[in-house]
Amino acid sequence: MTWSETAVIVVAVVLVLGWLVWVSATRLDRLHRKVVASRLALDAQLLRRSAVATEIATSGVLDPVSSVLLLEAAREASSGSDAGERELAVAVPDLEPLVRAPDADGRAGRGPSRGTVSRALDGDLGDERSQAESALSSTLRAVLDDPDEVDELYSLPEAEPLLDALAGAWYRVQLARRFHNEAVDQAQRMRAKVFVRAVRLAGRASMPQTVELDDSWPPALRRPRAVPGATTGA
């Protein structure tokens, strides 16, 4: 084999390796962005659910004890959500447009930088936030436990739209958490590949983590009628 043939082979190998690095880095960056975007979507849906729960607690349709318990659980969950949103916006300034107005970056035709996404991966819901959201789910299930009492609530003109709003928000929480955990699973599998670990494509970005919390549906709460594929009834 001549020197020129050897040089051609070496150049070809380098080009192939460079192409593999570029493709893998691009895919990993896209997966990291997907994780961050799905986390923001989940935050928004959790905050919406706690807001609707607060409306129900203060509407006067529940008994006083249930109202107090639900209001306390909703405020705990919403305060944790607000704190997490502010923390993410302060710690990662480039991501603030997505936190405050998720469509802002899309309209401007740009997205957060790779460094921004990497720093955003450091955050998760945290144990306290997860416990607060799980406690809200548990409280809502306890409040909406009796099918007969829930049917009576649905018969009240002031209660039915609130229950429908809660069902819609809860359904979207379940979807958002599922999508987020699927995105995390994809990113984790990508980062577990030998080639990705060998060339340290992830850099110093934290390993994405799934969100684990109790979002089990209250049996007596009707499924949202406006959502395709959802069934109506307890």
Side-chain angles (χ1 to χ4, degrees), residues 24-53 73-137 166 168-192 196 201-217 227:
S24 299
T26 301
R27 173 166 169 73
L28 184 59
D29 181 58
R30 185 169 64 248
L31 290 174
H32 281 170
R33 291 171 184 269
K34 184 178 179 181
V35 168
V36 173
S38 62
R39 158 70 194 284
L40 291 171
L42 176 57
D43 278 344
Q45 298 307 327
L46 288 170
L47 183 57
R48 174 57 183 160
R49 186 183 69 153
S50 62
V52 175
R75 284 179 174 173
E76 284 291 328
S78 61
S79 63
S81 179
D82 290 341
E85 184 179 274
R86 289 193 300 270
E87 180 182 350
L88 188 58
V90 171
V92 192
D94 293 346
L95 202 62
E96 185 170 0
L98 287 179
V99 178
R100 304 303 185 194
D103 294 332
D105 271 10
R107 291 192 300 266
R110 63 181 180 83
S113 65
R114 183 172 297 181
T116 290
V117 174
S118 177
R119 294 193 300 275
L121 290 172
D122 291 337
D124 55 23
L125 284 185
D127 291 339
E128 290 187 8
R129 172 82 183 281
S130 297
Q131 290 173 6
E133 296 292 350
S134 297
L136 177 57
S137 297
L166 176 64
W170 202 315
Y171 182 78
R172 287 173 175 81
V173 164
Q174 291 180 327
L175 284 181
R177 190 169 79 90
R178 187 181 75 189
F179 291 153
H180 174 71
N181 286 349
E182 288 176 353
V184 169
D185 181 65
Q186 292 174 355
Q188 288 178 342
R189 282 189 277 111
M190 181 67 182
R191 290 181 57 164
V196 173
L201 287 181
R204 297 183 178 180
S206 299
M207 178 68 75
Q209 300 298 322
T210 58
V211 171
E212 304 301 332
L213 56 85
D214 177 9
D215 59 2
S216 300
W217 192 271
V227 178

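Remember, predicted model here, so these are calculated numbers, not experimental data. One-based numbering along the sequence shown.
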(request) Only counting residues at least two apart or in another chain, list the ones meeting side chain to side chain contact (heavy atoms under 4.5 Å, CB included) with A183. (result) K34, V35, S38
(message) Within this structure, what is the OG-CG distance for the pair S50 and L166, rounded to the nearest 0.5 Å?
(response) 10.5 Å
(message) Angle between ring planes, Y171 versus W217, binned at 30° and 60°: parallel, tilted or perpendicular?
(response) perpendicular
(message) Between R48 and D43, does the salt bridge (charged side-chain N to carboxylate O under 4.0 Å, His left out) criterion hold? Intermediate values first, please.
(response) CA-CA 9 Å; R48 174 57 183 160; D43 278 344; over 6 Å; no
(message) Strictly distance-based, threshold 3.5 Å: is any side-chain N or O of D214 a donor or acceptor partner for the main-chain N or O of S216?
(response) yes
(request) Could you grab the distance from atom CD of E76 to atom CD of E128, nearest 0.5 Å is fine? (result) 9.0 Å
(message) Just verifying a value: how many Å separate E133 CD and L42 CG, rounded to the nearest 0.5 Å?
(response) 8.0 Å
(request) Scan side-chain atoms only and decide if E212 and T210 contain a donor-acceptor pair under the 3.5 Å cut-off. (result) yes
(request) Work out which heavy atom in R39 is nearest to a heavy atom in H180; give both atom names and the distance. (result) N-ND1, 3.4 Å
(message) Looking at every non-hydrogen atom in both residues, tell me the closest pair between V184 and P208 and how far apart they are.
(response) CG1-O, 3.5 Å
(request) Begin from the C-alpha positions of R49 and S137 and carry the test side-chain hydrogen bond (donor to acceptor under 3.5 Å, both in side chains) through to its verdict. (result) CA-CA 10 Å; R49 186 183 69 153; S137 297; 2.8 Å; yes
(request) Can you see which heavy atom on A77 is nearest to which on L136, and at what distance? (result) CB-CD2, 3.9 Å
(message) Any side-chain to backbone donor/acceptor pair from Q174 onto D215? Under 3.5 Å, distance only.
(response) yes
(message) Has Q188 got a side-chain atom pairing as donor or acceptor with M207's backbone, closer than 3.5 angstrom?
(response) no
(request) Report yes or no: does R177 contribute a side-chain atom to a donor-acceptor pair with the main-chain N or O of V211 at less than 3.5 Å? (result) yes
(message) Which heavy atom of A74 sits nearest to which heavy atom of A53, and what is that distance?
(response) CB-CB, 3.9 Å
